[in-house]
Amino acid sequence: MILFKDVGFEYEPGQPVLQNINLELEPGQVVGLMGENGAGKTTLVKHINGLLKPTTGAVYVNNIDTRDTSTAQLAKTVGFVFQNADHQLFADTLQAEVAFGLRNLGFSKEEVDNRVAQYLELFGLTRYGGQSPFLLSGGERKRLALASVLCVEPKVLILDEPTQAQDALQKAKLLNFIDSFRDPEHILLLVTHDVEFAIRAVDRLIILSNGQLIADGSPNQILSTPRLLDRARLLPPQLTQFAHQMAKQFPQFPTNVTTLDETIEAVNQLLRGRR
Amino acid sequence: MAAIFEAFRFKQKATFMHSLDPRTTFFMAVTFSIIGMLFLQIIPLLLVFLSMVPFILFARSTRQWFKSLQGLAILAGFILIINSFFISFSFAISTVLRLIVLMTAFSLFFLTVHPDDFALALIKMHIPYEFAFAFSMAVRYVPTIATETETIRDAQMSRGLELERGNILQKVRNYIPILIPIIVSSIRRALQVAESLESRAFGSTAKRTSLYDLSLRKRDYAMLLVTTFALIFALFVAFVVRIQFPFLLPDWFFWSLPF
Ligand SMILES: Nc1ncnc2c1ncn2[C@@H]1O[C@H](COP(=O)(O)OP(=O)(O)OP(=O)(O)O)[C@@H](O)[C@H]1O
Ligand SMILES: [Mg+2]
């Protein structure tokens, strides 16, 4: 479990980037974190694996205060995939890249070999195994970065803007992966600007604006509240925009729809009513 | 590690130092460096150092400058140990002082001169535009690389990298996962920038005009004059007095620690 208690943070004294953050993340949840550029999303998630320590308040990961431990220690529990894969790839081969984290955390030689093979396979990279990571395409590098973090099987996973520069197929694959990670043991925190992706991926959505939490609830409810979207500089999902257009003509049309199923249902209702 | 770059991150401020022409600031920085190189006695170096402090204060950049010195700490520690071991502690101290003087001179320049003005100054000094441009690009990318270095370090630490682990050799090796991504992404960026420059017709005309021009003002002439005097005085002391008439110099000039 992750707990933010009255967390405040500033990079430069007197310029708070996070204020009064109170947040609890339970296993079993896929949580989305959204907010405008510079809202403090990256800053917030860096507190979870101790890269940043709160200026005021405290952050607990499984009841351990992050100030009492190191990022290397937390790396066993918290996996963090950064936005840009090029910021983490460095090894001669894909195998060595995946093995890096495992070795740092002291896995046995045998276990390292097993996991490397397993995770390269999982992300469809086995055939490049002995090749240099720098020869991969952008999307492949991104997947390798993901594999090299996931191989340690962290209970908590943080993905910072994983859909950036990914084609529809890669997004669908990522969605699959997220669904497979959704179980009673794991917490997944997804930082994104991609409304359409969030609506399909997350169970709970948190909105951060100008360093403060302004909303926390079901994606459906939040993404259909124009005021919140406006503050987080997000466009409503297309289907919600559609619903608002419909409601102008047919006042009974519900505006809180976000998914395709809900929209179809609403349209059916409307048609039935008019028949 | 990234702290050292902090010293060179230009910030626009309305101060006397920022208002000087880049050529003036350049001349001042070079002069301070030369004077720093002329002497290797503790007290003269301290004096050079103290004479620079007001300028740092004028530029309202004390904090950044301090960070640059922090970045120097490892190197300074190294010099201190090696020199005290092979020569003397006194010599080690003066070497470190010299390092601090040089660092201060350069951070004074980079903290108060906008990279664009710097390029303009080079062109005024008849350096070909391509070189001036390359130089200002290099300076401009320092902060970018600094920020990137921090991100890369964060990313690798999230994968369990511990920089402080192991003996000296191991500690150096610990930096490989940070250095390689820096180099690779710098090369990637350089290629991108080159392509983007060419696609915007870089170098298509031989003679360029510029939107802003530099001009020396009264304050520049005043500073240039003072700096020139300081340089002449230092050269005179170093090459004439110290060599021909060392007895003219006060005792404190040669003062050193007894060990
Ligand atoms: N290393 C740093 N030093 C100083 N200020 C920083 C640093 N990193 C971020 N900031 C500032 O903190 C604020 C929040 O930045 P952060 O990166 O957390 O935003 P974000 O919500 O992740 O934005 P984006 O959507 O653009 O990724 C910004 O105003 C930024 O300028
Ligand atoms: Mg961010």
Side-chain angles (χ1 to χ4, degrees), chain A residues 11-14 42-43 45-52 70-92 96-107 132-136 138 141 145-152 154 156-160, chain B residues 1-3 5-7 9 11-13 60-67 70 111 141 143-166 170-193 195:
Chain A
Y11 288 101
E12 309 275 337
T42 303
T43 308
V45 293
K46 278 185 178 174
H47 280 80
I48 299 176
N49 70 346
L51 284 172
L52 296 175
S70 68
T71 300
Q73 276 295 318
L74 284 165
K76 288 197 182 91
T77 329
V78 185
F80 198 135
V81 184
F82 278 63
Q83 206 167 320
N84 186 344
D86 291 337
H87 286 158
Q88 80 174 64
L89 303 183
F90 74 98
D92 297 338
E97 192 68 58
V98 176
F100 176 70
L102 296 165
R103 291 216 185 92
N104 283 332
L105 298 180
F107 284 82
S132 162
F134 301 110
L135 298 175
L136 298 176
R141 287 205 296 273
L146 203 58
S148 65
V149 169
L150 280 172
C151 60
V152 301
V156 181
L157 180 63
I158 300 165
L159 304 177
D160 200 347
Chain B
M1 180 160 131
F5 295 117
E6 190 62 28
R9 201 175 302 190
K11 283 199 184 126
Q12 187 62 54
K13 290 178 184 162
R60 286 200 275 121
S61 306
T62 332
R63 247 165 49 88
Q64 273 177 296
W65 163 71
F66 200 72
K67 278 194 188 156
Q70 279 177 347
L111 284 178
Y141 276 109
T144 314
I145 292 171
T147 320
E148 203 162 36
T149 307
E150 273 167 42
T151 314
I152 292 169
R153 192 199 52 202
D154 284 353
Q156 304 300 37
M157 276 167 55
S158 307
R159 296 166 77 194
L161 175 69
E162 284 173 289
L163 292 173
E164 298 303 319
R165 187 159 61 185
Q170 183 62 40
K171 273 186 190 153
V172 173
R173 288 177 56 108
N174 287 345
Y175 279 89
I176 292 177
I178 297 182
L179 285 176
I180 292 180
I182 296 175
I183 295 168
V184 170
S185 70
S186 301
I187 294 174
R188 264 186 221 282
R189 186 173 33 244
L191 293 175
Q192 272 170 14
V193 169
E195 283 174 356

Residue pair [X] / [Y], side-chain heavy-atom distance below 4.5 Å:
| X | Y | answer |
| --- | --- | --- |
| A:F134 | B:R188 | yes |
| A:F90 | B:I183 | no |
| B:R159 | A:S148 | yes |
| A:F100 | B:L161 | yes |
| B:S158 | A:V149 | no |
| B:E162 | A:N104 | no |

Let's test your reading of the structure: which of B:I180, B:D154, B:I152 forms the most heavy-atom pairs below 4.5 Å with chain A?
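Ranked by contacts with chain A, first place is B:D154.
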So which part of A:K76 gets closer than 4.5 Å to some heavy atom of chain B, the side chain, the backbone, both or neither?
neither
Of the backbone (N, CA, C, O) and the side chain (C-beta and beyond), which part of A:L89 lies under 4.5 Å from a heavy atom of chain B, both, or neither?
backbone
B:R173 atom CZ: more than 12 heavy-atom contacts under 6.0 Å
no
Would you please name every residue forming a side chain to side chain donor-acceptor pair (under 3.5 Å) with B:S185, sequence neighbours left out?
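Applying side chain to side chain donor-acceptor pair (under 3.5 Å) to B:S185 gives B:E148.
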Identify, with sequence neighbours excluded, every residue that meets ring-ring contact (aromatic ring centres under 6.0 Å, His included) alongside A:H47.
A:F9
Any donor-acceptor pair under 3.5 Å linking the side chain of B:Q156 with the backbone of A:Q88?
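Such a contact is found between B:Q156 side chain and A:Q88 backbone.
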